[in-house]
Amino acid sequence: MRGRVIRGAAMLVLAGPLVLAPSLAAGPGDPIVAARQASMKEMAAAARAIAEMFNGKRAYEPAAFKAAADTLSARAGAALVAEFPQGTLGAPSGARLEIGEARPEFEALARHIGRLADALADKAGNAPPEITADMRMGAGLPMDGGSLLGKRPGAAEADPAKMPAEHLLHLILQDCTSCHSKFRQKQR
Ligand code: HEC
């Protein structure tokens, strides 16, 4: 009797990982999760590269600016939406189940950042050899007292094609933060 209990326990331990693996959420080694996390890291590196070119922490290079903006544009929008299919959400990944519950809002954010990134990539395609004043935050916008990050009513609805590159970058970073605060959780 006792021997059977012990053998049974040993089998449970051995079978543990197999029993636990099939759940609705993706496991830690899920390739879809790994791919989207890698994609997010590439967006982060690209956004950092552009930010540092604008704040002088790294040399401005039109070709590098264009490459980074293209990375953002390629990974935002529809590509971002496609990286979060049902069945890959929730722990242990960093994607909250709310993505499935508030899909339209998630997709709207992905499309919004996509439009901004497309506009930035267009501008970067014609980037001058040096950063010019009209690429800077605030260029072409009424100076009405620290209206950073499009907090002025209506500013976010303005045509991205008419915004200075640095302003687009700040709106892009705002979308990263908005999405993370609602749809991202600590990974387990
Ligand atoms: C529409 C929503 C959304 C947008 C926009 C978004 N993210 Fe994410 N991001 C997520 C979610 C959800 C995760 C968690 C993914 C997971 O762990 O499966 C994540 C994870 C990450 C991670 C962690 C990746 C890892 O290795 O675990 C980084 C870094 C990141 N995002 C950077 C960015 C940057 C930079 C931007 C903007 C340029 C951005 N994200 C825009 C939703 C978004």
Side-chain angles (χ1 to χ4, degrees), residues 20-55 57-58 60 64-125 127 135 137 148-151 155-158 160-161 163-188:
L20 293 176
S23 78
L24 270 180
D30 187 288
I32 295 174
V33 173
R36 76 182 169 222
Q37 290 175 343
S39 180
M40 286 285 167
K41 283 204 191 77
E42 283 188 40
M43 284 212 292
R48 187 179 316 116
I50 299 170
E52 289 183 355
M53 284 182 224
F54 276 87
N55 69 21
K57 285 209 183 109
R58 96 170 56 185
Y60 167 76
F65 173 32
K66 171 69 175 151
D70 281 347
T71 296
L72 289 176
S73 160
R75 301 193 175 279
L80 200 165
V81 169
E83 284 179 321
F84 291 87
Q86 274 307 349
T88 69
L89 309 176
S93 96
R96 295 177 69 141
L97 291 171
E98 277 80 350
I99 294 171
E101 291 151 12
R103 205 29 100 172
E105 191 187 339
F106 180 81
E107 294 189 358
L109 262 166
R111 280 196 305 272
H112 188 259
I113 193 173
R115 279 194 302 275
L116 296 170
D118 290 350
L120 187 64
D122 274 355
K123 279 178 195 285
M135 292 164 76
M137 193 92 164
L148 283 185
L149 306 182
K151 289 208 178 85
E157 271 60 59
M163 292 177 192
E166 193 181 16
H167 188 73
L168 283 171
L169 177 68
H170 280 268
L171 294 177
I172 285 169
L173 294 174
Q174 242 188 351
D175 278 352
C176 312
T177 309
S178 301
C179 190
H180 290 166
S181 66
K182 171 134 198 202
F183 293 113
R184 183 180 170 193
Q185 64 194 357
K186 260 182 88 115
Q187 286 175 53
R188 270 174 262 158

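In this text, all values refer to a predicted model and were calculated from it rather than measured experimentally. Order of listing sets the numbers, starting from 1, for every ligand and every atom in it.
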*Any salt bridge (Lys or Arg N to Asp or Glu O under 4.0 Å) pairs touching residues 101-118, not counting sequence neighbours?*
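Every salt bridge (Lys or Arg N to Asp or Glu O under 4.0 Å) pair that includes a residue of residues 101-118, provided the two are not neighbours, is Glu105-Lys182.
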
For [atom], what's the nearest protein heavy atom and its distance?
atom: atom 26 (O) of ligand 1; answer: Lys41 NZ, 2.6 Å
atom: atom 11 (C) of ligand 1; answer: Phe84 CZ, 3.8 Å
atom: atom 18 (O) of ligand 1; answer: Arg36 NE, 2.6 Å
atom: atom 27 (O) of ligand 1; answer: Gln187 NE2, 2.7 Å

Do [X] and [Y] have side chains that approach each other closer than 4.5 Å (heavy atoms only, starting at C-beta)?
X: Ser178; Y: His112; result: no
X: Ile113; Y: Cys176; result: yes
X: Ile50; Y: Leu72; result: yes

Has [X] got a side-chain atom pairing as donor or acceptor with [Y]'s backbone, closer than 3.5 angstrom?
X: Lys186; Y: Gly94; result: no
X: Ser181; Y: Thr177; result: yes
X: Lys123; Y: Met135; result: no

*Taking atom 8 (Fe) of ligand 1 as the centre, how many protein N/O/S atoms fall inside a distance shorter than 2.8 Å?*
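If we list every protein N, O or S atom nearer than 2.8 Å to atom 8 (Fe) of ligand 1, we get 2.
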
*Specify whether Phe54 and Phe65 have parallel, tilted or perpendicular ring planes, treating 30° as the upper limit for parallel and 60° as the lower limit for perpendicular.*
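Phe54 and Phe65: perpendicular rings.
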
_Interatomic spacing from OG1 in Thr88 to CD1 in Ile99 - rounded to 0.5 Å_ =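 One finds 7.5 Å between OG1 of Thr88 and CD1 of Ile99.
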
May I ask you to list the atoms of ligand 1 that are less than 4.0 angstrom from any heavy atom of [X]?
X: Gly94; value: 14 (C), 16 (C), 17 (O), 18 (O)
X: Ile99; value: 12 (C)
X: Phe183; value: 12 (C)
X: Ser93; value: 17 (O), 18 (O)

*Taking distance alone, with no angle check, do Gln37 and ligand 1 share an N/O pair under 3.5 Å?*
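So ligand 1 has an N or O lying under 3.5 Å from an N or O of Gln37.
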
_Partner residues of Ala74 under the side chain to side chain contact (heavy atoms under 4.5 Å, CB included) criterion, sequence neighbours left out_ =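 If we apply the side chain to side chain contact (heavy atoms under 4.5 Å, CB included) test to Ala74, skipping adjacent residues, there are no hits.
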
*Mind checking whether Arg96 contacts ligand 1 via backbone (N, CA, C, O), side chain (CB onward), both or neither, at a 4.0 Å heavy-atom cut-off?*
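Looking at Arg96 and ligand 1, no heavy atom falls under 4.0 Å.
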
Output a table of donor-acceptor pairs, distance under 3.5 Å, between side-chain atoms of residues 38-49 and any protein atom two or more places apart or on a different chain; print 'none' if there are none.
{"unit_1": "Ser39", "atom_1": "OG", "unit_2": "Arg75", "atom_2": "NH1", "d": "3.3"}
{"unit_1": "Ser39", "atom_1": "OG", "unit_2": "Glu83", "atom_2": "OE2", "d": "3.0"}
{"unit_1": "Glu42", "atom_1": "OE1", "unit_2": "Arg75", "atom_2": "NE", "d": "3.1"}
{"unit_1": "Glu42", "atom_1": "OE1", "unit_2": "Arg75", "atom_2": "NH2", "d": "3.0"}

